[in-house]
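Note sheet for the following structure.
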Amino acid sequence: QTPGVMNYSYYYTPPRFKHHAFTAPAFQQTPKHYGITSPISLALPKEADLALTQKLTETLKPYGVFEEELELQRRILVLGKLNTLVKEWIKEISDIKNLPASLIDTVGGKIFTFGSYRLGVHTKGADIDALCVAPRHVERTDFFSSFYEKLKEQEEVKDLRAVEEAFVPVIKLAFDGIEIDILFARLALQTIPENLDLRDDGLLKNLDIRCIRSLNGCRVTDEILHLVPNIGNFRLTLRTIKLWAKRRNIYSNILGFLGGVSWAMLVARTCQLYPNAAASTLVHKFFLVFSKWEWPNPVLLKQPEDCNLNLPVWDPRVTPSDRYHLMPIITPAYPQQNSTYNVSASTRAVMVEEFKQGLAITDEILQNKAEWSKLFEAPNFFQKYKFFFVIFLCSGYFSARVGLVESKIRILVGNLEKNEFITLAHVNPQSFPGPKEGNDKEEFSTMWVIGIVFKKMEGSENLNVDLTFDIQSFTDTVYRQAISSKMFEQEMKISAMHVKRRQLHQLLPNLKRRKHSTESLRQMNDSSLDMSIDSDNSMSVPSPTSMLSSTPFMGPPLGPPAQSPRLMCFSPSRPYYYFSPGPITVFHVDGQPKAEVAVVDGSKTPGVQPRPCLTPVPASQTPPPTMGPPAAKRSGSPLPETAVKKLKADEKTSTADLSDVPLIPTNPISVVKNSIKLRLSR
């Protein structure tokens with residue numbers, strides 16, 4: 001097979017693993033020019049590079065990134081059956097709509113794939129992203145009605161559900177045990193030929209925006225495959241980088257890191273710059289290039305083209321909001337879009353730091369001072385930070401609410417970043433089982449942890465950090481979105497709290513304290529993160545987080561805004577507790593800088609006014625944190641004199657040993673309205 005040229009005769013079959021990493025590919029000088037610049041190096045690999053590539057392959061095997069041939073054949077068989085169903089269904093629709101018999105036999109219709117499966121880098125148990133392409137006489141309503149019913153009749157189909165109102169409408173199902181997401185696109189063609197190339201920009205003419213969105217995944221994937229010089233090297237390098245990103249907790253488009261398509265484009269750009277390099281060299285060059293990349297300069301695989309279809313494209317010269325994207329990685333297919341618009345200042349800082357660390361490790365590997373396994377060591381996220389915010393979701397039954405909350409966490413991160421005393425807010429993409437209420441009612445609880453870095457204090461100045469508005473803005477946004485998308489229920493509760501590192505063991509039972517903490521963290525990371533599951537959903541509707549076992553409840557979460565939003569905080573004397581109005585309760589944090597959390601009731605404390613709720617606005621009008629000009633840092637407001645005195649008076653109680661405190665309060669006290677403040681002092 002000619003490098004960079006794919007056989008498109010069977011779209012639902014992924015490229016075969018001719019360059020599977022068990023044998024070294026044959027290297028040759030690449031005459032074709034790839035990318036928007038000349039390559040950095042055309043050097044051919046040495047024997048040492050090929051040996052390192054073989055070692056890399058052997059290291060990847062235990063992580064489940066390679067699928068067995070038998071399982072691959074099963075996927076091909078399932079997609080073949082699905083393709084046949086599509087053709088039969090389109091013929092039935094054509095007959096119902098009285099098309100000529102001669103045309104019905106040739107009307108066509110086809111299943112295309114995209115995402116990690118189409119790229120040939122899917123892992124064991126990964127789902128398949130598919131696209132149903134139909135001719136112009138087949139309506140979208142037909143897809144979600146008659147085709148849905150046809151799927152329901154198949155005995156191999158389980159867990160069938162339609163999400164017609166999603167941003168990209170989709171039918172989700174499990175076909176013979178393989179999860180598949182099917183999008184729909186209706187082309188302005190009378191028939192769908194077998195050799196149809198979806199990269200043809202002319203196919204976008206006269207299409208509605210939903211069909212264009214559905215086509216985008218396939219078009220981007222196919223362009224990437226056409227823009228890399230050696231597909232075998234590209235695949236092995238991408239498998240390595242995706243595994244590394246998941247292990248380092250920076251693989252999540254929805255939380256402001258990078259998703260599968262973004263990682264694929266970064267690897268593809270590296271391949272363009274070093275077209276003849278072996279996979280082991282490409283991994284090292286990947287870290288070299290992007291640890292030194294001058295963001296926000298965009299990453300482009302090809303020069304953007306204007307097809308005069310008047311579709312919105314990423315162009316900071318025309319669109320002001322595009323100028324504020326922090327880490328633009330531009331899709332190669334028209335209409336060009338930034339796949340990383342969710343990236344915030346904190347997530348970019350975390351990823352750049354990981355690039356630098358990856359470069360240092362691969363330097364050691366190339367010098368034979370370390371093994372490839374070192375690159376995939378899980379980080380000690382909970383040892384990295386002293387202070388954390390924990391977000392809880394508790395609902396009556398498990399559903400897409402988890403995906404809803406997860407999609408809004410970046411709003412909270414953006415709010416925290418705007419505070420002048422917070423330098424970094426790092427959300428862990430891995431969710432954890434949350435606390436549950438002590439009743440017998442069936443419910444599910446999930447929590448997310450955000451590591452916080454406060455600005456270092458100078459001198460003896462005392463500063464107050466008011467986070468009430470930040471958290472209230474986040475919870476209001478989630479509730480508004482839940483109501484507008486008809487996901488809200490009375491049992492749905494969201495809460496947020498601030499804890500210190502040494503208090504995390506009460507929320508995470510597997511997290512041991514003191515001298516065993518580092519090892520237990522590593523064990524928890526290794527045991528709870530399954531690398532065989534490919535969670536690449538960046539080109540389709542996000543799926544809910546898997547249900548996890550839960551721990552005993554340690555305090556009631558928040559209610560919806562209509563019931564006077566509350567804030568759950570932490571007190572050494574009463575952990576996981578709603579604070580009563582009136583006196584200020586202090587949360588004292590050891591170390592430099594010191595931080596104290598004061599819960600204040602403005603109605604009873606002189607000089608303190610309660611922070612108002614956000615004025616309800618449609619959720620669709622709430623801009624993401626990175627879509628506008630950077631907001632000015634908010635300054636802290638001074639605590640009233642009585643509050644400061646109370647803080648000092650309660651300082652003695654703040655040093656209690658948490659291991660001696662009961663986990664469940666006997667009589668939780670309800671609250672009408674609270675605010676949460678951190679007091680930073682030196």
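Just the heavy atoms: all of them, side chains too, but no hydrogens, waters or symmetry mates, feed the values below.
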Note to self: Go through it in stages, so that I can follow the logic: the residues are Arg118 and Asp222, the test is salt bridge (Lys or Arg N to Asp or Glu O under 4.0 Å), and I'd like the CA-CA distance, side-chain angles, deciding distance and then a yes or no.
What the structure shows: CA-CA 8 Å; Arg118 174 63 185 145; Asp222 291 343; 3.2 Å; yes
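- For Thr221 (side chain) and Gly217 (main-chain N/O), a donor-acceptor pair under 3.5 Å exists by modelled atom type.
- Here the OG atom belonging to Ser431 is positioned 8.5 Å from the CD1 atom belonging to Ile409, to the nearest 0.5 angstrom.
- Expressed to the nearest 0.5 Å, how far CG of Leu56 lies from CG of Leu375 amounts to 8.5 Å.
- At a threshold of 4.5 Å between non-hydrogen side-chain atoms, the residues Ile452 and Thr423 do not count as touching.
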Margin query: Please determine whether side-chain contact (heavy atoms from CB on, under 4.5 Å) holds for the pair Ser346 and His426, giving the CA-CA distance in whole Å, both sets of side-chain angles, and the decisive distance to 0.1 Å.
Written below: CA-CA 6 Å; Ser346 290; His426 179 187; 5.9 Å; no
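- Atoms CG and CG, on Asn276 and Asn230 in that order, are 8.5 Å from each other to the nearest 0.5 Å.
- Between Asp201 and Arg219, at least one side-chain nitrogen of the basic residue sits less than 4.0 Å from a carboxylate oxygen of the acidic one, meeting the salt-bridge criterion.
- Remark: the backbone N or O of Leu255 is not paired with any side-chain donor or acceptor of Arg410 at under 3.5 angstrom.
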Note to self: With side-chain hydrogen bond (donor to acceptor under 3.5 Å, both in side chains) as the criterion, how do Thr331 and Gln336 come out once you've worked through the C-alpha distance, each side chain's angles and the decisive distance to 0.1 Å?
What the structure shows: CA-CA 5 Å; Thr331 56; Gln336 296 84 9; over 6 Å; no
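- A pairwise comparison of heavy atoms in Ile180 and Ala130 identifies CG2-CB, 4.1 Å as the closest pair.
- Across all non-hydrogen atoms, the minimal contact from Gly451 to Phe381 is N-CZ, 3.7 Å.
- Contact check for Glu223 versus Leu301: no side-chain heavy atoms found under the 4.5 Å cut-off.
- For Ile209, the CD1 atom is densely surrounded, since the number of other residues' heavy atoms within 6.0 Å is greater than 12.
- Ring geometry, Phe388 versus Tyr385: the interplanar angle exceeds 60°, so the pair is classed perpendicular (tilted spans 30 to 60°).
- The backbone N or O of Ala425 lies less than 3.5 Å from no partner atom in the side chain of Glu417, so there is not a single donor-acceptor pair.
- In the model, Thr240 has no side-chain atom that pairs as donor or acceptor with a side-chain atom of Arg235 under 3.5 Å.
- Looking at Ser214, its side chain never comes within 3.5 Å of a backbone N or O of Ala185 through a donor-acceptor pair.
- Nearest heavy-atom pair, Asn338 versus Pro328, reported as atom, atom and distance to 0.1 Å: OD1-CA, 3.3 Å.
- Within the 4.5 Å cutoff, no side-chain heavy atoms of Leu183 are placed close to those of Cys132.
- Rounded to the nearest 0.5 Å, atoms CD1 (Ile128) and OG1 (Thr113) are 7.5 Å apart.
- No donor-acceptor distance shorter than 3.5 angstrom exists from the side chain of Thr347 to the backbone of Val343, with no hydrogens or angles considered.
- Within a 6.0 Å sphere centred on NZ of Lys46, heavy atoms belonging to other residues, nucleotides or ligands number 12 at most.
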Next item on the list: Apply the test salt bridge (Lys or Arg N to Asp or Glu O under 4.0 Å) to residues Lys172 and Asp181: give CA-CA distance (whole Å), side-chain angles for both, the deciding distance (0.1 Å), then the verdict.
Entry: CA-CA 5 Å; Lys172 295 173 171 285; Asp181 294 346; 3.2 Å; yes
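- Defined by atom type and a distance below 3.5 Å, a donor-acceptor pair is missing between the side-chain atoms of Thr340 and Ser262.
- In this structure, the side chains of Trp293 and Val299 come closer than 4.5 Å at one or more pairs of heavy atoms.
- Only one option out of Val65, Thr59, Leu238 pairs with Leu243 in a side-chain contact (heavy atoms from CB on, under 4.5 Å); it is Val65.
- Heavy atoms only, all atoms of each residue included: Glu67 and Lys124 are closest at CA-CG, 4.3 Å.
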Checklist line | CA sep, side-chain torsions, deciding dist, call: Leu266, Ile241, side-chain contact (heavy atoms from CB on, under 4.5 Å) | finding: CA-CA 10 Å; Leu266 291 187; Ile241 296 303; over 6 Å; no
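- Between the side chain of Arg75 and the main chain of Ile178, no donor-acceptor pair closer than 3.5 Å is present.
- Inter-residue side-chain proximity for Leu412 and Val427 is flagged as unmet; no heavy-atom pair is nearer than 4.5 Å.
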Notebook entry, point to check: For Glu69 and Gln73, what are the C-alpha separation, side-chain angles and deciding distance, and is it a side-chain hydrogen bond (donor to acceptor under 3.5 Å, both in side chains)?
Noted result: CA-CA 6 Å; Glu69 183 68 22; Gln73 292 297 330; 3.0 Å; yes
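- Between Phe287 and Trp244, the ring-plane angle classifies as perpendicular under the 30° and 60° cut-offs.
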Check: How far apart are the C-alpha atoms of Leu187 and Leu207, what are their side-chain angles, what is the distance that settles it, and do they pass the side-chain contact (heavy atoms from CB on, under 4.5 Å) test?
Finding: CA-CA 7 Å; Leu187 301 185; Leu207 296 190; 4.0 Å; yes
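- Considering every non-hydrogen atom in both Gln337 and Pro312, the closest pair reads NE2-O, 2.7 Å.
- For the pair Leu326 and Ser344, the tightest heavy-atom approach, listed with the atom from each and the gap, is CD1-C, 3.4 Å.
- Contact annotation: the side chain of Ser116 approaches that of Lys242 to within less than 4.5 Å [non-hydrogen atoms, C-beta and beyond].
- Between the side chain of Arg248 and the backbone N or O of Glu354 there is no donor-acceptor pair closer than 3.5 Å.
- A donor-acceptor contact shorter than 3.5 Å is absent between the side chain of Asn380 and the backbone of Gln383.
- Crowding of Gln367 atom CD: a count of heavy atoms from other residues, nucleotides or ligands under 6.0 Å exceeding 12.
- In this structure, Tyr251 has its ring center at least 6.0 angstrom away from the ring center of Phe257.
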Next item on the list: Quick one: do Arg239 and Phe66 satisfy side-chain contact (heavy atoms from CB on, under 4.5 Å)? Show the steps, please.
Entry: CA-CA 9 Å; Arg239 287 181 188 274; Phe66 296 114; 3.5 Å; yes
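- Atom CG of residue Leu227 and atom CG of residue Leu300 lie 11.0 Å apart, to the nearest 0.5 angstrom.
- Applying the 6.0 Å contact sphere to NZ of Lys55 captures no more than 12 heavy atoms from other residues, nucleotides or ligands.
- Taking 4.5 Å as the limit, some side-chain heavy atom of Leu131 sits within range of a side-chain heavy atom of Leu198.
- Between the side chain of Asn428 and the backbone N or O of Val449, no donor-acceptor pair lies under 3.5 Å.
- Between the Asn297 side chain and the Glu294 main chain, a donor and an acceptor come within less than 3.5 Å of each other.
- More than 12 heavy atoms of other residues, nucleotides or ligands lie within 6.0 Å of CG in Asp200, so this atom counts as buried by the packing criterion.
- Tyr324 has its side chain out of reach of Pro316: every pair of non-hydrogen atoms, C-beta onward, lies at least 4.5 Å apart.
- Remark: aromatic rings of Phe432 and Phe382 are close, center separation under 6.0 Å.
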Next item on the list: Any chance you could lay out the salt bridge (Lys or Arg N to Asp or Glu O under 4.0 Å) test for Arg74 and Glu71, step after step, and finish with the verdict?
Entry: CA-CA 5 Å; Arg74 181 163 162 263; Glu71 189 66 20; 2.7 Å; yes
Item checked: Working for salt bridge (Lys or Arg N to Asp or Glu O under 4.0 Å), residues Lys61 and Glu58 -> CA-CA 5 Å; Lys61 288 180 184 178; Glu58 297 300 322; 2.9 Å; yes
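- Relative orientation of the Phe290 and Trp295 rings is parallel, given thresholds of 30° and 60° on the angle between their planes.
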